[in-house]
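Working notes, beginning with the structure itself.
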Number of protein chains: 2
Amino acid sequence: MSACIRLYADPVQINQCKEKLEQTQEAFATMSGVLALAGNEARLKILYLLEEEKELCPCDLSDILGMSIPAISQHLRKMKDGGIIQARKERQTIFYSLKPEHLKMLRGLFKYIQQLKQQNQFV
Amino acid sequence: MSACIRLYADPVQINQCKEKLEQTQEAFATMSGVLALAGNEARLKILYLLEEEKELCPCDLSDILGMSIPAISQHLRKMKDGGIIQARKERQTIFYSLKPEHLKMLRGLFKYIQQLKQQNQFV
DNA sequence: TATTTATTTAAGTATTTGCTTAAATAATAA
DNA sequence: TTATTATTTAAGCAAATACTTAAATAAATA
């Protein structure tokens, strides 16, 4: 694949890297999937709000984020399919909340958002 | 925007949520940008490898990941533009490394990848 | 029963993404 | 100088994204 014919390439290093990735292959697929979900501003805000408020319905989220109901609904479906949120039905209303699955990781991200916020206040 | 006319919507809660988001607006934009970069399997692996190996050139990355040089180069440019990696030139070779900027957050992600790996080993 | 309400789904579309191949740069070596 | 090497850039393209509007579900109410 590579077009480079390096004198100083370290074949041992290259192979060690390949092995490391192979052993961790599944984790990278899972992780990049979750990060891709969180890597959209609307979805990141939804996740943050679900952590703060415990649960919210599509209608509330639409109000809060100023986005259409179908747009919200489609983001929610994506995250539900991705296994990071869950739904609970109460009469006509569907309440979404964070799934425990990747909660620890998401909380790490929220903590970092708070740090960024603090930094911005002093700039 | 919303089509729902809820009897039980809590306008105080809705407004508190809106305010929280407004105060944190910039942080969400920054954060989702970084997560979008990490939310691609190839790029996540590149970031991980740069953490492990300190620095690597496009050619090494091409070998390790089994991807074409231009594909790697374009991912690197995207992450450089996004401010999460930096370049150093030595003769003909360009060495890329993680920028200190969001390193703390990225390390949190790498730690979580290791945890996922451990879990997979016992499934 | 018919209507209203909350939500989802479907279809359409403009934009973005992530690769490909080919060409352009820039530094080194012959 | 010319050729080689490492990398970037450009152009093209198929697929994925993220919205839109309109229609379909499903539960509650009149």
Side-chain angles (χ1 to χ4, degrees), chain A residues 1-10 14 28-29 32-47 55-82 85-97, chain B residues 1-10 14 28-29 32-47 55-82 85-97:
Chain A
M1 181 71 78
S2 169
C4 305
I5 306 160
R6 291 150 295 164
L7 278 174
Y8 303 111
D10 180 348
I14 302 286
F28 276 107
S32 61
V34 175
L35 292 176
L37 289 172
N40 169 284
E41 198 170 325
R43 284 196 298 265
L44 186 60
K45 285 177 181 174
I46 291 174
L47 291 170
E55 57 179 19
L56 287 166
C57 65
C59 199
D60 286 339
L61 288 166
S62 166
D63 273 3
I64 297 166
L65 296 177
M67 292 175 69
S68 77
I69 295 259
I72 294 291
S73 178
Q74 282 159 32
H75 280 306
L76 289 171
R77 181 173 51 164
K78 211 164 208 183
M79 292 195 283
K80 199 175 157 223
D81 290 348
I85 66 171
Q86 60 200 170
R88 171 179 81 83
K89 193 165 197 172
E90 186 180 312
R91 303 170 63 93
Q92 302 181 74
T93 305
I94 297 176
F95 289 100
Y96 284 91
S97 58
Chain B
M1 180 70 77
S2 170
C4 306
I5 305 159
R6 291 149 295 163
L7 279 173
Y8 302 111
D10 180 347
I14 303 286
F28 277 106
S32 61
V34 175
L35 293 176
L37 289 172
N40 169 284
E41 199 171 323
R43 284 195 298 265
L44 186 60
K45 286 176 180 173
I46 292 174
L47 291 170
E55 58 179 18
L56 287 166
C57 64
C59 198
D60 286 339
L61 288 166
S62 166
D63 273 2
I64 297 167
L65 296 178
M67 292 175 66
S68 76
I69 294 259
I72 294 290
S73 178
Q74 282 158 31
H75 281 307
L76 290 170
R77 182 174 49 165
K78 211 166 208 183
M79 292 194 283
K80 198 173 158 225
D81 290 348
I85 65 171
Q86 62 201 167
R88 171 178 81 82
K89 193 165 196 172
E90 186 181 313
R91 304 169 64 92
Q92 300 181 74
T93 306
I94 297 176
F95 289 100
Y96 284 90
S97 58

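Proteins get letters first, then strands, A, B, ... in listed order; numbering begins at 1 in each. Predicted, not measured: the structure shown is a model, and the values here were computed from it.
With hydrogens and angles ignored, the 3.5 Å screen pairs no side-chain donor or acceptor of A/S62 with any backbone N or O of A/S68. Although no hydrogens or angles enter the test, the distance criterion places a donor-acceptor pair under 3.5 Å between the side chain of B/S32 and the main chain of B/F28.
Here B/F95 lies out of heavy-atom contact (under 4.0 Å) with every strand. When heavy atoms are screened at a 4.0 angstrom cut-off, A/T93 is found touching the sugar-phosphate backbone but no base atom. Backbone-only engagement by B/K78 is indicated by non-hydrogen atom pairs under 4.0 Å involving sugar-phosphate atoms exclusively.
Between B/K78 and B/Q74, every side-chain heavy-atom pair lies at or beyond the 4.5 Å cut-off. Looking at A/L47 and A/I85, their side chains come closer than 4.5 Å, going by heavy atoms from C-beta outward.
At a cut-off of 3.5 angstrom, counting only N and O atoms as typed in the model, there is no donor on one side facing an acceptor on the other between the side-chain of A/Q92 and the base of C/dT4. Taking only distance into account, the side chain of B/Q74 meets the base of C/dT20 through a donor-acceptor pair shorter than 3.5 Å.
For the pair B/N40 and C/dT17, the criterion of a side-chain N or O lying under 4.0 Å from OP1 or OP2 is not met. Distances shown here put every side-chain N or O of A/Y96 at or beyond 4.0 Å from the OP1 or OP2 atom of C/dA6. The shortest distance between the side-chain N/O atoms of A/R91 and the OP1/OP2 oxygens of D/dT29 is below 4.0 Å. Distances shown here put every side-chain N or O of A/H75 at or beyond 4.0 Å from the OP1 or OP2 atom of D/dT17.
Taking atom CG on B/D60 and atom C1' on D/dA6, their separation rounds to 11 Å, with Å as the unit. B/L35 has its CG atom 17 Å from the C1' atom of D/dT17, to the nearest Å. Taking atom CD1 of residue B/I46 and atom C1' of nucleotide C/dC19, one finds them 13 Å apart after rounding to whole Å. Atom P of nucleotide D/dA16 and atom CD of B/E41 are separated by 15 Å, given to the nearest angstrom. In this structure, B/R77 places its CZ atom 12 Å from C1' of C/dG18, rounding to the nearest Å. In this entry the distance linking CE of B/M67 with P of D/dT7 reads 15 Å, nearest Å. For B/D81 and C/dT16, the CG to C1' distance is 15 Å, given to the nearest whole Å. Across the protein-nucleic acid pair, A/L61 atom CG and C/dT7 atom P stand 9 Å apart, rounded to whole Å.
Nearest heavy-atom pair, B/L37 versus B/G82, reported as atom, atom and distance to 0.1 Å: CD1-CA, 4.0 Å.
Mapped onto DNA chain C by nearest heavy atom, B/A36 and A/S73 fall at different nucleotides, with A/S73 at the one closer to the 5' end. Along DNA chain D, the nucleotide closest to A/P70 and the one closest to A/E90 are compared, and the more 5′ of them pairs with A/P70.
For A/K89, taking side-chain heavy atoms from C-beta onward, the closest of the listed nucleotides D/dT9, D/dA26, D/dA22 is D/dA26.
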